[in-house]
Amino acid sequence: SACSSKLVLSQVHPMWQEPLAIPGGDRQSPIDIVVRKSIFDPQLRPLKVQYDPRTCQQIWNNGYSFLVEYDDTTDKSTLKGGPLEDQFRLCQFHFHWGENNTWGSEHSIDRRLYPAELHLVHWNSDKYSLFEEAVIEDNGLAVIAVFLKIGKRHEGLQKLVGALPAVRHKDSVVEFTKFDPAHLLPENIDDYWTYAGSLTTPPLTEAVTWIVMKQHIEVSHDQLAVFRSLLFTSAEEQLQRSMVNNFRVQQVLKGRTVRSSFT
Ligand code: SG7
Ligand code: ZN
């Protein structure tokens with residue numbers, strides 16, 4: 001795949017359910033967003049999302065989540081506006097989820113967790129020419145986070161859910177094309193929180209402008225059950241482990257402000 005992010009984490013720790021040994025910096029993610037402490041910033045513009053479904057390439061079980069990867073060799077699927085000065089290119093999206101519906105998201109709103117959270121990962125193509133460069137720079141990445149709540153079946157998600165059994169085991173890859181990630185965004189993308197943070201898995205670099213959507217999307221319990229039927233383990237391993245609880249523990253704010261685009 002052209003999605004060069006694959007190179008970065010291919011040598012990642014075989015899943016780190018254990019508390020991380022890597023010492024945190026000053027802007028680690030995820031965090032709890034305290035609504036009454038977030039600051040409305042009238043300067044925050046609407047997000048400009050332009051995704052081309054033809055850049056969608058494949059799904060990959062990387063042993064921690066499943067990644068839907070996009071061709072990021074040109075500016076065909078992009079994100080700009082909102083808190084961003086530059087143009088960012090979509091590279092992949094993935095989710096984090098729990099073993100049950102009580103937890104699973106990485107971020108929380110006033111301590112309230114959701115059963116799952118979607119991350120659309122983009123890198124700054126105005127300033128950098130490769131994901132690998134962007135991932136180590138403080139303005140290198142922009143990730144859109146969308147909370148998932150249990151409710152009615154999500155039609156836009158269903159094509160993806162149907163493809164997941166093919167990537168049940170770690171290291172499996174299946175061709176997956178023409179998927180428009182805009183279908184996974186909530187109706188209202190103008191209301192969001194934003195803060196300066198990090199990747200939530202190794203290398204944990206403090207490169208990310210987080211854009212956390214206020215509005216959640218709904219998926220059915222059955223759809224999330226298919227996420228939970230995936231495995232952390234490869235086909236060769238004796239003891240198979242369900243892919244659940246693939247979120248990082250929350251990090252301290254350390255004086256950061258969370259801004260909101262809405263009042
Ligand atoms: C997931 O989350 C994967 C990672 C991703 C990581 O484990 O999607 O991607 C790859 C290529 O393994 O790491 C560098 C990167 O995108 C962290 O992303 S996140 O901070 O948005 N959760
Ligand atoms: Zn993530």
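For ligands, and for the atoms within them, numbers begin at 1 and follow the listed sequence. The figures that follow rest on heavy atoms only: side chains count, while hydrogens, waters and symmetry mates do not.
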If we only consider heavy atoms of Trp210, is any one of them less than 4.0 Å away from an atom in ligand 1? yes
Looking only at heavy atoms of Phe93, does any of them come nearer than 4.0 Å to an atom of ligand 1? no
Atoms of ligand 1 less than 4.0 Å from Glu106 heavy atoms? 22 (N)
Using a plain distance cutoff, I'd like to know if His119 has any nitrogen or oxygen under 3.5 Å from a nitrogen or oxygen of ligand 1. yes
Within ligand 1, which atoms have a heavy atom of His96 less than 4.0 Å away? 22 (N)
From the options Glu69, His94, Gln92, select the one whose nearest heavy atom is closest to atom 2 (O) of ligand 1. His94
I need the atoms of ligand 1 closer than 4.0 Å to a non-hydrogen atom of Tyr64, numbered in the order shown. 7 (O)
Crowded around Glu237 CD? As in, over 12 foreign heavy atoms under 6.0 Å? yes
Aromatic ring centroids of Phe66 and Phe227 under 6.0 Å? yes
So, Asp52 and Lys76, do they make that salt bridge, N to O below 4.0 Å? no
Flag for His216-Glu218: side-chain donor and acceptor within less than 3.5 Å: no
Determine, using ring centers only, whether Trp60 and His94 are less than 6.0 Å apart. no
Contact check, side chains of Pro181 and Val68, non-hydrogen atoms, under 4.5 Å: no
Could you check whether His107 and Trp193 have their ring centres less than 6.0 Å apart? no
Sub-4.0 Å heavy-atom contact, Arg248 with ligand 1: no
For Leu67, the ligand 1 atoms whose distance to one of its heavy atoms is below 4.0 Å: 3 (C), 8 (O), 9 (O), 10 (C), 11 (C)
Can you give me the NE2-the Zn ion (ligand 2)-NE2 angle for His94 and His96, to 10°? 110°
Hydrophobic clustering (ILVMFWY, side-chain heavy atoms < 4.5 Å, transitive) - are Val244 and Phe247 grouped together? no
Considering just N/O/S atoms, say which atom of His119 is closest to the Zn ion (ligand 2). ND1
Short N/O distance, under 3.5 Å, between Thr200 and ligand 1? yes
